[in-house]
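Order of the sequence lines sets the chain letters (A, B, ...), proteins ahead of strands, with each chain counted from 1.
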2 protein chains.
Amino acid sequence: MERKTGNECTADQQLPALGIGPYLELMDKTTAQDADRKSIRMGLVMLWLSDNILDVMDVDLAPFGITESKLDMLLLLMLHEGRELITPSGIADRLGIRRASVTALLDWLEKRGWVSREQSAKDRRMIHVSITPEGRALVNQVLPTFWSTCGSLLDDLDTEERKVFEKILSKLHQSIEKKVGVGR
Amino acid sequence: MERKTGNECTADQQLPALGIGPYLELMDKTTAQDADRKSIRMGLVMLWLSDNILDVMDVDLAPFGITESKLDMLLLLMLHEGRELITPSGIADRLGIRRASVTALLDWLEKRGWVSREQSAKDRRMIHVSITPEGRALVNQVLPTFWSTCGSLLDDLDTEERKVFEKILSKLHQSIEKKVGVGR
DNA sequence: TCCTAATAGTTAGATTATCTAACTATGACT
DNA sequence: AGTCATAGTTAGATAATCTAACTATTAGGA
């Protein structure tokens, strides 16, 4: 988690947070093959963007008292309403985290009355998790902001750019999925 | 921090980690204006990418026993060699984190002999931080991987796509910088 | 049927990266 | 000299993870 509220800045702290500039500089000193430079440079920008996109979302969600991980959990539960019952194990699998982590997240959400646990009648080891009406209300309150933050990421691209970017994004998506997907 | 080593998976856990599919579905149910859909959809992909790009970097750096935050610190110190002396406060400003956080990071790095602290003679409140030869050696060992991971993010894009993407990236960069930059 | 295996969930304890608030020197300015 | 600001640290918190060990409970084979 990282929040950048509060502000300790004083007069002489004009320096901006470390951008990518310095890294590019270092790269030029460090990298041999000139051909790669451009890709690396773009990769660096992507890395920087990644950090900051998540930040922006964090900041936008903060007023609702919820974080992305927790919203993810609620959305997952919401998507499952009316389908098969869902258990902590199932949640862990779908979110790609450990059962123990799910327990912690559920504890937090349950304490606020946004989810509820109910023991399964058939298999008493299992627990059925569901989102409560209050949880659903929260999600409905948060979603407009969530979508609008998503959409606003592309604010400065024109129609033509969006069109190309769409294709590029889907390639990147596949590409990263390959890198990350196998092991889990 | 999030590492995805270890593997608890068993036979029936075929379900992939929650992708973006479900969110798109939810969006379709939730969003009114059809015009926005495409942007939101792309924003969602960007959000997903962000998470996973950082993951990939984490995983690639892990073998070196260092994380991105810590590498960032070392790179910053390396860039400052031979220039003005740098202090924890300065580091905090440039990395966009609190002085207290810098203290923690420095403690960790110092314990491993990768950075050193030295009291300033002129102003005894200040401390000059520098990277040690060992720290420099580590960075030099890590950098090839770092660059190659950056570069590999674009692996699947062809020359034409890279060209357009470059421009798009710089727009996105500016755009996010606007959103995030003012407050700090 | 009984025993061993596996499975579900939780607990305990750790790590990473942050934060705020309070504290200790030290320096600067009136 | 006295007050105020600055530098760094400490203490204590939170979020999101993890692993390992533990407790029920079920399932499957001998």
Rounded distance in Å - [atom1] ([X]) to [atom2] ([N]):
X      : N      : atom1 : atom2 : value
B/D58  : D/dC18 : CG    : C1'   : 13 Å
B/D51  : D/dA16 : CG    : P     : 12 Å
B/D55  : C/dT16 : CG    : P     : 16 Å
B/I97  : C/dT16 : CD1   : P     : 15 Å
B/I91  : C/dT18 : CD1   : C1'   : 16 Å
B/L54  : C/dT16 : CG    : P     : 18 Å
B/I86  : D/dA7  : CD1   : C1'   : 14 Å
B/L105 : C/dT15 : CG    : C1'   : 13 Å

N or O in side chain of [X] less than 4.0 angstrom from [N] OP1/OP2:
X      : N      : result
A/S101 : D/dC18 : yes
B/S69  : C/dT16 : no
B/R98  : C/dT20 : yes
B/S89  : D/dG8  : yes
B/T103 : D/dT10 : no

- Task: Could you tell me whether the side chain of A/T132 and the main chain of A/G113 form a donor-acceptor pair under 3.5 Å?
- Result: yes
Kindly assign one of parallel, tilted or perpendicular to the pair B/H173 and A/W48, based on the angle between their ring planes and the thresholds 30° and 60°.
perpendicular
- Message: I'd like to know if A/K178 and B/D156 make a salt bridge, using a cut-off of under 4.0 Å between side-chain N and carboxylate O.
- Response: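 Salt bridge flag = yes for B/D156 with A/K178.
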Regarding B/E81 and B/R136, does a basic nitrogen lie under 4.0 Å from an acidic carboxylate oxygen?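 Salt bridge flag = yes for B/R136 with B/E81.
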Mate of D/dT26 across any strand shown (Watson-Crick or G-U wobble, both atom pairs under 3.5 Å) is none
Determine which nucleotide pairs with C/dT18, using a 3.5 Å limit on both distances of a Watson-Crick or G-U wobble pair.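 Paired with D/dA13.
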Syn or anti for D/dA13, please, going by whether the chi angle lies within 90° of 0.
->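 For D/dA13, whose glycosidic angle is more than 90° from 0, the conformation is anti.
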So, with a heavy-atom separation below 4.0 Å from DNA chain D, the residues of residues 107-126 of chain A are A/W108, A/K122, A/D123, A/R124, A/R125
From the candidates C/dG9, D/dA16, C/dA12, the one with an atom nearest any side-chain atom of A/T87 is C/dG9
Linked, directly or transitively: B/L169 and A/V164 (ILVMFWY side chains, under 4.5 Å) = no
- Going by atom types alone, do B/T145 and B/D60 pair a side-chain donor with an acceptor below 3.5 Å? no
Measure across A/Q119 and A/R124 and return the closest heavy-atom pair with its distance rounded to 0.1 Å.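 Heavy atoms only, the tightest pair is NE2-O, 3.1 Å.
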